[in-house]
Amino acid sequence: MLDVKNLSVKLGGAQILENVSFTAREGEWLMILGPNGAGKSTLVNAISGGVPYTGEVRLDGENVHRMKPRVRARKLGVLSQNHHVSYAFTVEEIVRMGRYAHARGLFSPRSGEDEAHFLDAVEKTGLSGFLNQSVLTVSGGEMQRAFLAQLLCQDPRLMLLDEPTNHLDPKYQKQIFDLVRRWVAQSGRCVVSVVHDLSLARAYGTHALLLKDGRVCASGGIRAVLTDEHLRQVYDMDVSGWMRTLYEGWTEETT
Ligand code: ADP
Ligand code: MG
């Protein structure tokens, strides 16, 4: 579904990404992993058209950046790491904007399908109590859920998510990850996401792309990528050993 070939990005004279290539297929949840500054967000931004790059980004064989914006919006939905909102939209308005790509005209009335998608997205993200609140006043987690709900409303074929549960408490982390897993299981869909928590990545990802200093260190099936050896190379520490120690803390007697 998504084909990225020799993607390179230079910003302010620095080479941020160098010859990154990978493919994500229907039904897959590809985790983009790597330490701070590895280039994960830059990769997401290049694919979504926010950063100039050299190389190729194809969606179903078609160059993503030659598609008309509305055609592209039906295929590709993006959740960025930072949300910039400068106007006091309500949560409801933010969520409904997701239907723009499906509207027949700018001022066309809402269809029953729009309404069904809207209600479903609100329910799944637990936002029904916040619909009339300005997004300028909601918490980080509520804001994150509002933009996720917008993406569910948009219902693209490929979701690109940059740290989707960054601001979320464990209940919503689980809810969102379970939700995305069910979403990608429907036919014709694919998820590519940056996830910081390696345990979550391992539990939910089908595939992974491990980056270090703007280059691909490993890619393929999630378990083949997340080996002790690869993690040590990329993070300069015994990551899996540390994870095990942390989890052992939960299995010990606390009395
Ligand atoms: P990640 O998401 O993996 O933590 P980023 O993709 O945000 O990393 O950033 C990768 C590197 O590129 C970082 O070292 C960052 O400082 C640098 N960088 C990002 N944007 C710019 C820019 N506009 N100009 C110069 N350097 C940048
Ligand atoms: Mg980032």
Side-chain angles (χ1 to χ4, degrees), residues 2-24 28-57 64-65 76-86 139-141 143-148 150-151 158-169 172-173 176-177 180 190-205 207-220 222 225-227 230-237 239-240 242-243:
L2 175 68
D3 264 304
V4 173
K5 231 182 243 155
N6 296 324
L7 186 146
S8 296
V9 173
K10 232 178 191 169
L11 293 172
Q15 191 79 44
I16 311 293
L17 290 173
E18 202 172 340
N19 284 324
V20 172
S21 298
F22 67 92
T23 300
E28 291 182 0
W29 185 343
L30 176 86
M31 300 286 180
I32 300 176
L33 308 169
N36 292 149
K40 304 179 298 296
S41 294
T42 306
L43 179 56
V44 166
N45 294 338
I47 295 168
S48 65
V51 165
Y53 63 87
T54 58
E56 265 182 29
V57 179
V64 176
H65 302 114
L76 174 67
V78 185
L79 183 80
S80 322
Q81 190 165 21
N82 301 306
H83 308 292
H84 303 286
V85 185
S86 45
S139 74
M143 173 92 99
Q144 188 81 346
R145 276 148 55 205
F147 280 94
L148 266 167
Q150 184 187 75
L151 200 55
L158 170 70
M159 275 192 188
L160 262 182
L161 313 170
D162 196 352
E163 301 197 28
T165 59
N166 217 5
H167 302 277
L168 303 186
D169 61 41
Y172 281 111
Q173 275 197 17
I176 298 299
F177 271 84
V180 172
C190 176
V191 178
V192 174
S193 69
V194 176
V195 168
H196 230 83
D197 186 318
L198 295 171
S199 301
L200 277 173
R202 194 181 175 92
Y204 287 88
H207 293 75
L209 180 77
L210 190 56
L211 295 178
K212 184 180 189 177
D213 299 331
R215 295 199 195 114
V216 177
C217 168
S219 72
I222 189 85
V225 171
L226 289 183
T227 61
H230 286 149
L231 294 177
R232 205 188 307 266
Q233 264 173 33
V234 165
Y235 292 95
D236 293 321
M237 68 173 275
V239 180
S240 47
W242 184 54
M243 298 275 168

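One-based numbering, in listed order, for ligands and for the atoms of each.
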### Message
For a side chain to side chain contact (heavy atoms under 4.5 Å, CB included) check, start with the C-alpha distance between Leu168 and Gln144, then their side-chain angles and the critical distance, and finish with the verdict.
### Response
CA-CA 8 Å; Leu168 303 186; Gln144 188 81 346; 4.0 Å; yes
### Query
Of all the atoms in ligand 1, which lie at a distance below 4.0 Å from a heavy atom belonging to Thr42?
5 (P), 6 (O), 9 (O), 10 (C)
### Message
Just to check, does Gly39 reach to within less than 4.0 Å of ligand 1 when the distance is taken from its heavy atoms?
### Response
yes
### Task
Just need the protein heavy atom nearest to atom 20 (N) of ligand 1, so name the residue and atom and give the distance.
Leu11 CD1, 3.5 Å
### Task
May I ask you to check whether Gly12 has an N/O atom sitting below 3.5 Å from an N/O atom of ligand 1?
no
### Message
Checking a contact table here: which protein heavy atom is nearest atom 18 (N) of ligand 1, and how many Å away?
### Response
Ile16 CD1, 3.9 Å
### Task
Could you say whether the N/O atoms of Ser41 and ligand 1 ever approach to under 3.5 Å?
yes
### Task
Select one of side chain, backbone, both or neither to describe which atoms of Asn36 lie under 4.0 Å from any atom of ligand 1, heavy atoms only.
backbone
### Message
Is there a side-chain hydrogen bond (donor to acceptor under 3.5 Å, both in side chains) between Thr23 and Asp3? Walk through the geometry before answering.
### Response
CA-CA 5 Å; Thr23 300; Asp3 264 304; 2.9 Å; yes
### Task
Decide, counting backbone as well as side-chain atoms, whether Asn36 has an N, O or S atom less than 2.8 Å from the Mg ion (ligand 2).
no
### Query
If you stand at the Mg ion (ligand 2) and look out to OG of Ser41 and OE1 of Gln81, what angle do those two lines make, to 10°?
70°
## Note on the structure
among protein heavy atoms, the one nearest atom 10 (C) of ligand 1 is Gly37 O, 3.3 Å
### Query
Non-hydrogen atoms of Ala38 versus ligand 1: any pair closer than 4.0 Å?
yes
